[in-house]
Structure formats: C-alpha cells, structure tokens
Amino acid sequence: MREVDRVEYAVRPVPDPAEEDPLFIQAVARALQVLSTFHGASNALTLNEIASRSGIGKSTVQRIVHTLRQQGYMERAPDDRGYVPGIRLLDHTLDYLRLNPVIVRVLPTLVELRRDTGERVDLSLRDDLRLVYALRLQSKRESYFATLIGNSVPLYCTAGGRALLSQLSDDEVDDILARSNRQPFTPRTLTDPKEIRAKVVMARENGYAIAAEEVLQGEVVLGVAVKDNDGRPIGAIHIGGSLSEWDKDSFVSNFAPLAMTAAGKINRA
C-alpha cells in the first residue's frame, strides 16, 4: 500500500504573524512544523529538504534542527547523510497512549473483540480529514506497515472514516469531502462525492461501514464509530480481514454484530 499524502493531512501551517494571538508562540510552532516534515518521508532528510517541505528558511531550520538534536528529538541518520526523528519522541507517544481516556476506556473491549474475531482490530482517532491509528491488535498475517501506531488514512475512503462521517450532519460531511484530496489508492477507491455520500448514508442506516480494497488491495475492513461523552464521533474501531479468506457479505455477517456490540459497550462506558 502506498502511503497517504500524509504531509497534506498532518503538517499544519504556522499562522501569519499578522493574525495576532497573544498566547501563540511561533517559535514552538515552527519547531513542530520541522518535526512534521518527516510525515511520509521514506529516507532521512537534509536541511535543504526540511526547509523545502516546511516552507521555513534554511538558516532558521538549521537552528531548529540543532536545538532539537540537543534535546534528543532529532538525530543524524546512521549514514550521516541527513536527519531523522529522535528516540525521545517515543516518550510522548507513550504519554499519549497511557493518559488518553478514550484509549484507556477502549482497550479492554478491543482485546475482547480481537479474541472473538481472530482478525486484526484497530482503534483510530480523528484528526480533521484523517484517522490516526492509536491501537493495533494484529492477526496472523500482518505486514510491517499495518502494525504501526501513528499511521493515518483519510476519512473519505475507509470503513472507519465513513462510519465516523455517518454520525455527522450532511453539511459537515460535505465540508470534509470538499476539503479532502479524494485521490485513489487502488482502482477500487471511491473518489466521487456522490458515491461516497451514498456509502455514508448506508453506514448511517446499518450502523457500520464496509470497504473492500479501497486502500489496500486484497483487504476488507468493517468500521463502527466511537463517540465521546457528548455523543460526537471521535474515531472508529475497525476489523480488518483478507479477501483470500472472506467474501464481503460473509465478513459482514460474521463481524458486524460483534463490532456494533463492542462499539455500544465503549460508547456507554
């Protein structure tokens, strides 16, 4: 599977200084923007590449990179041909996972769902136009890519994304689709807004969404929305399987009731 155009989804521009916000520290935002340039990168990045990706001048990038290296958040690549994120970033991943109340609430139910299905089970959380995987409980046939926490996928072409969209108003759905790039990942990826809306309506009626080979060829995924205490959708749980073992209808009949029961338990907690 090729990666989502993650820079578009994950790198947030630094506001113009003219847009005055007395609490906003632009230097901190620029440092985070430098770290964000590694989203989707397949190799270490040079100073020139970081400057180009971030839109920040090279001299400023050089100072930021130096500071981040001193603090352990960036390192020289093993071949000394660029920079990579530093190990101290993993400390913050751990902090997020152990202190996020949604993850704490969901994990026992996800473990139970993984046991009952025997298939991959994930929790993803919404970040604007994308879902970010926060928990991934693997099945017997996973690839390296499918095991990574922090990987992200767009809302418009994923089962979890459409399950989440089904819990929003039509105006909110239209806004998200208008701002999404709607690029195909496979020949079966739906990109037409009318077709995507029809899938969202179907998910609204069924209580779950299903997507087959829209992001990864050979994969079928079922998604159900996860809500916050106010009833707003904040993410989704997914069950992922292989079309070499399941057809779509059998996958739905076997796992949709389990997924909806799990989501109901989570949403009532």
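FYI, side chains are in, hydrogens and waters are out, and symmetry mates aren't considered; it's all heavy atoms of this structure.
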One should read off an interatomic distance between Asn151 CG and Arg130 CZ, to the nearest 0.5 angstrom, of 9.5 Å
Is atom CG of Leu90 surrounded by more than 12 heavy atoms (other residues, nucleotides or ligands) closer than 6.0 Å?
yes
For Ile25, look at atom CD1 and say whether over 12 heavy atoms of other residues, nucleotides or ligands are found less than 6.0 Å away. no
Looking at Arg136, is its backbone amide N or carbonyl O close enough to the side chain of Arg120 to form a donor-acceptor pair, meaning the two atoms are under 3.5 Å apart? no
dist Ser180:OG -> Asp175:CG (nearest 0.5 Å) comes out at 9.0 Å
For the pair Thr117 (side chain) and Glu119 (backbone), establish whether a donor and an acceptor sit closer than 3.5 Å, ignoring hydrogens and angles. yes
Distance col, row Trp246:CH2 vs Leu222:CG, nearest 0.5 angstrom, shows 11.5 Å
Heavy atoms of Ala44 and Glu49 approach each other most closely as O-OE1, 3.8 Å
Checking Val173, Val226, Leu131 against Leu164 for side chain to side chain contact (heavy atoms under 4.5 Å, CB included), the one that qualifies is Leu131
| Does the side chain of Asp122 come within less than 4.5 Å of Val221's, by heavy atoms? | no
Value for CG (Leu113) from NZ (Lys265), rounded to nearest 0.5 Å, stands at 9.0 Å
| said: Between Leu168 and Arg232, is there a side-chain heavy-atom distance shorter than 4.5 Å? | reply: yes
Heavy-atom nearest pair, Asp174 first then Arg197, reads OD1-NE, 2.6 Å
Heavy-atom closest pair (Val224 atom, Gly207 atom, distance to 0.1 Å) is CG1-O, 3.8 Å
Next on the checklist: Are Ile196 and Val201 linked, directly or through intermediate hydrophobic residues, by side-chain heavy-atom contacts shorter than 4.5 Å (ILVMFWY only)?
Outcome noted: no
If you measure from the Lys or Arg side-chain nitrogens to the Asp or Glu carboxylate oxygens, is any gap between Arg76 and Asp80 under 4.0 Å? yes
Inset, instruction - Determine whether more than 12 heavy atoms belonging to other residues, nucleotides or ligands lie under 6.0 Å from atom CD of Glu172. - result: yes
**Item:** Side-chain heavy-atom pair Leu125, Asn100 within 4.5 angstrom cut-off
**Value:** yes
Rounded to the nearest 0.5 angstrom, the CD1-CD1 distance for Ile149 and Ile103 is 8.0 Å
(message) Evaluate Arg204 against Asp170 for salt bridge (charged side-chain N to carboxylate O under 4.0 Å, His left out), listing each step before the verdict.
(response) CA-CA 11 Å; Arg204 196 173 285 153; Asp170 290 340; 3.1 Å; yes
_Counting C-beta onward and ignoring hydrogens, is there a side-chain heavy-atom pair between Tyr73 and Leu89 closer than 4.5 Å?_
yes
Nearest heavy-atom approach of Asp95 to Arg98 is OD1-NH2, 3.1 Å
Leu137/Val111 under side chain to side chain contact (heavy atoms under 4.5 Å, CB included): CA gap, chis, key distance, verdict: CA-CA 7 Å; Leu137 307 183; Val111 170; 4.1 Å; yes
Exercise for review: Answer whether the closest heavy-atom distance between the side chains of Val106 and Thr109 falls below 4.5 Å.
Suggested key: no
Of Phe255, Tyr208, Tyr133, the one forming a ring-ring contact (aromatic ring centres under 6.0 Å, His included) with His238 is Tyr133
Shortest non-hydrogen pair, Ala225 vs Ala263, comes out as O-CB, 3.9 Å
*Would you call Tyr83 and Leu68 a side-chain contact if the rule is heavy atoms closer than 4.5 Å?*
no
All heavy atoms of Ala211 vs all of Ala159, minimum pair found to be CB-N, 3.8 Å
In this structure, CD1 of Ile64 is separated from CD of Gln33 (nearest 0.5 Å) by 8.5 Å
Validation row: Val61, Ser54 side chains within 4.5 angstrom (heavy atoms): yes
I would like to know whether Gln217 and Leu243 meet side chain to side chain contact (heavy atoms under 4.5 Å, CB included); could you show each step before the answer? CA-CA 9 Å; Gln217 290 185 322; Leu243 288 172; over 6 Å; no
**Prompt:** Can Arg162 be said to sit on top of Tyr156's aromatic six-ring, NZ or CZ under 6.0 Å from centre and within 45° of the ring axis?
**Reply:** no
If you measure from the Lys or Arg side-chain nitrogens to the Asp or Glu carboxylate oxygens, is any gap between Glu214 and Lys199 under 4.0 Å?
no
Asp79 CG: over 12 foreign heavy atoms closer than 6.0 Å
yes
Q: Answer yes or no: is there a side-chain heavy-atom contact under 4.5 Å between Phe185 and Leu216?
A: no
* I would like to know whether Arg126 and Asp128 meet side chain to side chain contact (heavy atoms under 4.5 Å, CB included); could you show each step before the answer? => CA-CA 6 Å; Arg126 182 188 175 190; Asp128 194 23; 4.2 Å; yes
Give the intermediate values and the outcome of side chain to side chain contact (heavy atoms under 4.5 Å, CB included) for residues Leu190 and Cys157.
CA-CA 6 Å; Leu190 295 184; Cys157 64; 5.9 Å; no
